[in-house]
Every structure is written in structure tokens, then in C-alpha cells.
Visitor: 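Here you go, one structure.
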Amino acid sequence: MLTPAKLDKLPEPMVQLMAELQDDILKDICRRLTKSNYLTPTAEWQLYKANQLRLSSADINRRIARQLKMRERTVKELYSEAIKTAIHEDAKIYRYAIVEGKLDGSYGDKLSSYTRSVAFNDVFKQGLKNTNGLMRNLTNSMAAVSNRQLSDALDLAYLKVASGAFTPAQAIFEAVQKLGADGIKTVKYDSGRTDQVDVAVRRAVLTGINKICCDMQLDLAKEMDCELVEVSSHLGARPSHAEWQGQIYSLKKGHLKYPYFYDATGYGTGDGLGGWNCRHSFFPYFEGISEVANAPDFSKAENLEEYNNSQQQRAYERSIRKSKRELAAIDSARAATSDPELKAKLDRSFEKKSVTLKNREAKLQEFCRQTGSYVDTSRVRVDGFGKSVSQKAVWANKKYVANVSANIQGGRGASSSASSSNKDGFVHKIGTIDFNDKKAVTEYMEKFENKFAHKDREYCLVITPNGDMYVAKGRAAEIDTDKIFGDKLKGSWNTHTHPPDQTEYSFSTRDVSGAALDGTAVMRASDTKYCYEIRFNGKKFSEDELVDAIGIAKELRNDSFDVKGYTMADYVDKYEHSIIEDICETLGVEYTRWKKN
């Protein structure tokens with residue numbers, strides 16, 4: 001019998017081999033995308049593209065051929081070791097049954113000769129043939145899919161450049177981003193569902209090895225006239241398998257005490273014991289001498305909780321592998337390009353995606369801490385994301401976080417990237433108001449906004465909890481509220497204006513972070529078209545929380561913009577607005593925006 005833990009680790013050598021192949025292919029595609037000339041006439045482009053596809057296909061096929069013998073040798077070693085373990089464990093039980101008189105001495109000879117029998121060798125060869133065939137199908141699929149991805153990426157980049165809407169650097173950058181995010185997928189189901197190569201390989205090897213071991217165990221049980229088996233159990237089994245795990249079954253129909261093995265466990269079907277990704281096994285059971293060893297010591301509710309946790313952990317692991325693939329692809333493109341515009345874009349993207357990776361790794365670690373599980377490093381490994389790329393990602397993350405930390409300090413403004421050498425101007429107290437009369441406070445703020453929204457620089461009004469009102473004039477694009485107002489901002493209601501030629505029709509990220517750190521209760525802002533407001537409701541945030549919220553919102557801004565149904569027609573009015581929506585949702589504060597009358 002193979003334990004669930006042993007089965008879980010079995011596919012790793014094959015997963016690693018196929019991951020190396022995928023990484024080589026991705027790097028080749030990125031290199032070809034980066035070095036292509038997209039400013040050639042159409043006829044010349046078609047010839048160039050055809051030549052690139054031919055060269056890429058030949059290169060990929062050479063890589064596959066070089067790996068073939070190693071791949072088949074690895075499969076054979078995995079099968080041999082797994083079968084040896086499974087049969088050896090069962091043999092110990094049969095020998096004990098002979099000693100105890102449950103089986104007569106003649107069965108000792110049957111047991112010794114089984115691994116040399118024709119039946120044993122036939123099952124072994126068939127298992128190897130099936131898995132090697134599946135591996136060949138997967139690699140052939142990789143070759144076809146990767147060539148199609150290269151063709152599509154070249155065409156799309158060429159059309160973007162030809163349209164005049166994109167520079168070659170922009171087109172290549174987007175192609176590399178998409179390739180890194182998608183990876184190389186292999187179609188596995190008639191429904192059209194696709195899987196990453198590592199997922200498909202893991203499933204194929206685990207399922208293939210477990211099935212052949214189970215088949216051999218059943219064949220040996222028939223030789224040894226064993227009628228009963230006990231099925232293994234493990235915490236976190238899929239719910240359908242939890243119904244039959246850890247129980248004793250009869251290999252023959254009509255047993256008065258035990259259910260029929262095949263009917264109860266679904267053995268021989270994809271969803272049953274020994275089927276897709278199943279880590280259950282079984283071993284011989286003899287009444288009178290065998291002790292029940294696998295009865296679950298946990299409830300079905302506990303099993304379901306562990307199963308759901310394991311599925312969530314797999315999702316975190318997939319997201320980390322995706323981030324590492326993206327970083328490896330971007331790093332490969334960076335090394336291949338000599339275009340300063342493209343290199344700058346790739347450098348910025350590498351920084352941002354490094355932050356995303358570190359956030360995802362932190363979430364996985366925190367999830368494992370909360371659930372009492374452990375981080376399985378083999379499931380977050382991506383070939384091509386080696387020590388060199390990993391170290392670059394660490395430094396890029398530190399650089400990005402340092403920049404964001406610097407940006408969340410200090411003033412607010414219409415543009416988070418704007419700067420000016422102009423000094424902040426006047427600040428003075430203009431009177432008092434009943435702070436508890438929120439209607440009066442709101443009306444005064446509205447009058448202030450309407451008066452100054454059309455000005456060419458920012459103006460800010462702060463109303464403190466004791467009712468004192470202060471006004472300040474800032475730079476064209478921002479106002480250093482912390483420097484001017486200091487502790488007066490704590491608990492205040494305040495508003496500021498965004499000049500017409502500077503506004504992005506929402507708060508800047510510095511507005512949000514500045515107000516979150518200085519203790520503002522309600523922050524408003526206004527331009528000539530919109531008013532917007534954030535109510536912090538007494539919530540407090542650390543710099544790390546703000547860095548994470550802003551970094552994630554900026555990283556996912558394009559995807560979020562699309563998911564919300566916005567189009568390019570909405571870009572001017574809603575792009576920054578969408579980012580602020582996401583930041584405020586992450587922080588759990590109220591954000592609203594409305595059109596002015």
C-alpha cells in the first residue's frame with residue numbers, strides 16, 4: 001500500500017522535468033517577440049513570421065527530443081519504486097497470514113513468484129506505455145500550443161503597431177505580459193477546459209502510478225485468494241471519497257458482512273478509488289488476525305473543513321506560480337531587448353509584479369499559520385524563477401515599497417505623481433462653526449468647493465472638531481496638508497480642490513494615504529465636474545496596510561477597470577476613480593463620488 005503522503009510526492013521529478021521544458025519554451029517565445037521588427041511591410045512581415053515559427057518549432061522539437069530518454073527513464077524509476085513499495089507492504093501481510101494459518105504454506109511460493117510472472121510484467125509494461133504515451137501527448141500539445149501562442153502574439157503585436165495606436169515597445173510589452181500570465185496550457189478535456197502543464201503532469205503521474213499499483217495489488221490478492229481489503233483514509237479527502245474511506249470491503253459480490261469493493265468505492269472509474277488525483281489505496285485484510293488500522297479518527301465535518309482549506313491553499317499556490325512565471329517571462333524579455341523604452345516598461349512591471357508575488361506569498365504563509373498547515377515549497381516552485389530572478393524580485397519589491405512609502409507621506413493633490421517647486425502659500429483661520437451641525441458644515445464646504453474649484457492651484461479647507469475653520473492655498477497640483485495643518489487634521493472634516501488642468505476626477509492615492517495617516521474623519525475634494533468623499537469612521541491604518549492596499553489596487557487596475565464594465569470611453573472620468581474604489585474597498589472605508597449640478 002502506498003500512503004497518501006507518498007503518493008502526493010511521487011509526481012515531483014516529472015513535474016520538474018516538464019517545468020524545465022515549459023520554461024525553455026517561454027523564454028524562446030519572449031526572445032523572439034522582443035527581437036522582432038514590427039515596422040516592416042506586410043509582405044515582408046508574413047515571410048519573417050513564417051520563418052520565426054519554423055525556427056521556433058524546430059527548436060522546441062529539439063528540446064523535446066533531448067528530454068525524451070530522461071523523461072521515460074524517470075517514469076520507469078517512479079513506477080518501479082512505487083510498485084516495489086506497494087507489493088512489499090502487501091507481501092508482509094500475506095506472510096503474516098501464512099504464519100498465522102489463514103493461508104497454507106503453498107501460498108508462500110505464489111507470493112515469491114508473483115513479481116516474476118507474465119501477468120505482473122504485462123501490467124507493468126502497460127502502465128509504463130500508458131503514462132509515456134500521455135507524456136508524449138502532453139509534450140506534443142505543448143509544442144503545438146506554444147507555436148500557436150507565438151503566432152498569435154506576433155500577429156497581435158504587428159497589428160497594434162500597424163494601427164498607429166501603439167509603439168513597438170508598447171505592443172511587445174503587452175505581449176510579454178500576456179504570455180507570462182497565461183503560461184503554456186494543454187487542453188485536457190472535451191469541454192475545452194485547459195490546465196497548466198505542471199497541473200496536467202502531476203495529475204497524469206499520480207493517477208497512473210496509483211492505478212497500476214492498485215491493479216497489481218488486486219491481481220496479487222486474486223493469486224493469494226484474499227477476499228477482503230481495507231481502504232486507507234486521510235484527513236481532507238474529497239467529500240465523495242470521504243463516504244467510503246477507511247472501511248473494509250469484499251472483493252467478491254454477496255458477502256454477508258462487507259460491501260462489494262467495486263460498487264462501494266467506484267474503483268475503475270475516473271471519480272473513484274485509484275481515479276483522477278486519488279491518493280487512496282488499500283491492503284489485504286484477514287478477519288481474526290488483522291486489526292482495523294485506517295478507520296478515520298476525525299468527523300466528516302472536520303474532513304470537509306480540511307478539504308476546503310486544502311483547496312484554498314492550492315488556489316494560493318497557483319497564484320504564486322503564476323506570479324513567478326510572469327516575473328521569469330519579463331526578466332527574459334528584459335535581457336533580450338536593447339530598446340530603452342521597452343526596458344523601462346519591463347523594469348516597472350517587474351517591480352510591481354514583485355510586490356504582487358510577495359503579497360501572495362505572505363497571504364499563503366498567513367493562511368497556513370491560521371489553519372495549522374505548512375507551505376509545500378514543491379507546489380510553488382517554478383523553473384526559470386531561480387535564485388537570480390528571485391533575488392531581483394526581492395530587491396524590486398523593496399524598491400517599490402520604499403517608493404510607495406515615500407509617496408503616502410505628506411500632502412494631497414490632484415495627481416499623485418505631480419511635483420512643483422512652488423512653496424505652499426497662506427494659511428489662516430477664517431472663523432468658527434458648530435461642528436456638531438453637520439448640515440451647516442457640509443453646506444459651508446460646498447460653498448468653498450464651488451468658489452475655488454476653477455482656480456489654477458489647490459485650496460484646502462479644514463474644520464476641526466472644536467469648530468475652528470482654516471484655509472490654505474497650495475501648489476498647482478498639491479498641498480502639503482501635514483506641514484500646514486499638523487494636528488488640526490485629526491478628527492477634522494476637510495475638503496480641497498483639484499485644478500481643471502490637473503484633476504483626474506477623483507482622489508489621488510496620496511490623498512487617501514495622507515488622510516488615513518493624519519486621522520481625518522471625513523475628506524472631500526472637488527473639481528469642476530465631480531465631488532468625492534471618503535468617510536474613515538474612526539478607522540486607523542499602518543503604513544504597511546496602506547502600501548499593500550495601494551500597491552495591489554495599482555497592480556490590478558487594468559483588470560479591475562475591465563471587470564467593472566468600463567471601456568476606453570470611460571478612461572478619463574473613471575480610471576483613477578476605479579483605483580480609489582478598490583483601495584477604499586480593501587481598507588473598508590466609505591467612498592462616494594457624484595456629479596456637480
Side-chain angles (χ1 to χ4, degrees), residues 312 315-316 319-320 323 348 351-371 375 393-413 415-417 478 480-483 485-487 489-494 496 504 506-525 532-561 563-564 575-593:
Q312 181 61 58
Y316 282 129
S319 72
I320 290 172
S323 285
R348 287 193 296 272
E351 281 186 13
K352 292 177 181 178
K353 291 191 182 297
S354 296
V355 174
T356 300
L357 171 62
K358 295 309 169 188
N359 285 335
R360 288 173 173 175
E361 288 177 335
K363 285 182 178 179
L364 172 61
Q365 290 168 354
E366 176 61 19
F367 179 80
C368 289
R369 186 190 68 77
Q370 291 177 356
T371 58
V375 177
V394 170
W395 283 108
N397 174 63
K398 289 180 179 178
K399 180 181 177 183
Y400 187 85
V401 170
N403 288 337
V404 175
S405 295
N407 283 334
I408 69 173
Q409 297 289 347
R412 310 173 190 176
S415 171
S416 58
S417 61
E478 64 180 354
D480 194 341
T481 52
D482 283 350
K483 177 181 176 182
F485 296 108
D487 290 341
L489 292 165
K490 189 171 183 179
S492 71
W493 282 40
N494 57 69
H496 62 280
E504 293 180 286
S506 184
F507 295 109
S508 68
T509 56
R510 289 188 70 175
D511 287 337
V512 180
S513 58
L517 290 173
D518 64 35
T520 288
V522 175
M523 175 176 65
R524 289 168 57 115
Y532 14 101
E533 177 182 281
I534 296 177
R535 292 177 178 262
F536 290 93
N537 299 321
K539 292 190 175 181
K540 301 183 187 305
F541 305 96
S542 67
E543 286 189 21
D544 286 345
E545 289 174 314
L546 294 169
V547 167
D548 285 347
I550 292 170
I552 292 171
K554 285 189 171 183
E555 170 65 25
L556 301 177
R557 62 191 183 277
N558 293 331
D559 290 341
S560 179
F561 192 77
V563 167
K564 293 172 185 176
Y575 192 71
E576 185 72 13
H577 167 65
S578 176
I579 294 172
I580 301 304
E581 278 185 322
D582 293 344
I583 293 171
C584 290
E585 182 180 354
T586 300
L587 295 176
V589 297
E590 299 175 34
Y591 166 63
T592 53
R593 186 185 78 162

Visitor: For Phe561, what residues pass the ring pair (Phe, Tyr, Trp, His ring centres under 6.0 Å) criterion, not counting sequence neighbours?
Guide: Tyr566, Tyr575
Visitor: Looking at every heavy atom in both Ser513 and Ile550, which two are closest together, and how far apart are they?
Guide: CB-CD1, 4.0 Å
Visitor: Hey, are the side chains of Leu489 and Ser492 touching, using non-hydrogen atoms and a 4.5 Å cut-off?
Guide: yes
Visitor: Where the side chain of Lys539 meets the backbone of Gly588, is there a donor-acceptor pair that is under 3.5 Å apart?
Guide: yes
Visitor: Output the distance between atom NZ (Lys358) and atom CD1 (Ile320), rounded to the nearest 0.5 Å.
Guide: 9.5 Å
Visitor: Check step by step if salt bridge (charged side-chain N to carboxylate O under 4.0 Å, His left out) holds for Glu366 and Lys363.
Guide: CA-CA 5 Å; Glu366 176 61 19; Lys363 285 182 178 179; over 6 Å; no
Visitor: According to ring pair (Phe, Tyr, Trp, His ring centres under 6.0 Å), who are the partners of Tyr532, at least two apart in sequence or on a separate chain?
Guide: His498, Phe507
Visitor: Does Thr592 have any side-chain hydrogen bond (donor to acceptor under 3.5 Å, both in side chains) partners at least two apart in sequence or in another chain, and if so, which?
Guide: none
Visitor: To the nearest 0.5 Å, what is the distance between CG on Leu364 and CG on Asn359?
Guide: 12.5 Å
Visitor: Can you check whether Trp493 reaches Arg535 side chain to side chain, under 4.5 Å on heavy atoms?
Guide: yes
Visitor: Please report the closest heavy-atom contact between Ser578 and Lys564, naming both atoms and the distance.
Guide: OG-NZ, 2.9 Å
Visitor: Take a 6.0 Å sphere around CG of Asp487 and say whether it holds more than 12 heavy atoms from other residues, nucleotides or ligands.
Guide: no
Visitor: Where do Ser319 and Arg360 come nearest, in terms of heavy atoms and distance?
Guide: O-NH1, 3.1 Å
Visitor: Side-chain contact, heavy-atom cut-off 4.5 Å: Ile552 with Thr356?
Guide: no
Visitor: Mind checking whether Asn537 and Glu590 have side chains closer than 4.5 Å, heavy atoms only?
Guide: yes
Visitor: Drop me the distance from Ser560's OG to Arg557's CZ, to the nearest 0.5 angstrom.
Guide: 11.0 Å
Visitor: Show the nearest heavy-atom pair for residues Leu587 and Leu546, with the distance to one decimal.
Guide: CD1-CD2, 3.9 Å
Visitor: When rounded to the nearest 0.5 angstrom, what distance separates CD1 in Ile583 from OG1 in Thr509?
Guide: 6.0 Å
Visitor: Taking side chain as C-beta onward, heavy atoms only, is Glu576 less than 4.5 Å from Ile579?
Guide: yes
Visitor: Closer than 3.5 angstrom, by distance alone: can the side chain of Asp511 be matched with the main-chain N or O of Ser508 as a donor-acceptor pair?
Guide: yes
Visitor: Would you say Tyr591 and His577 make side-chain contact, with heavy atoms under 4.5 Å?
Guide: yes
Visitor: Show the nearest heavy-atom pair for residues Lys540 and Glu545, with the distance to one decimal.
Guide: O-OE1, 4.1 Å
Visitor: Measure the spacing between OG1 of Thr586 and CZ of Phe541 and express it to the nearest 0.5 Å.
Guide: 10.0 Å
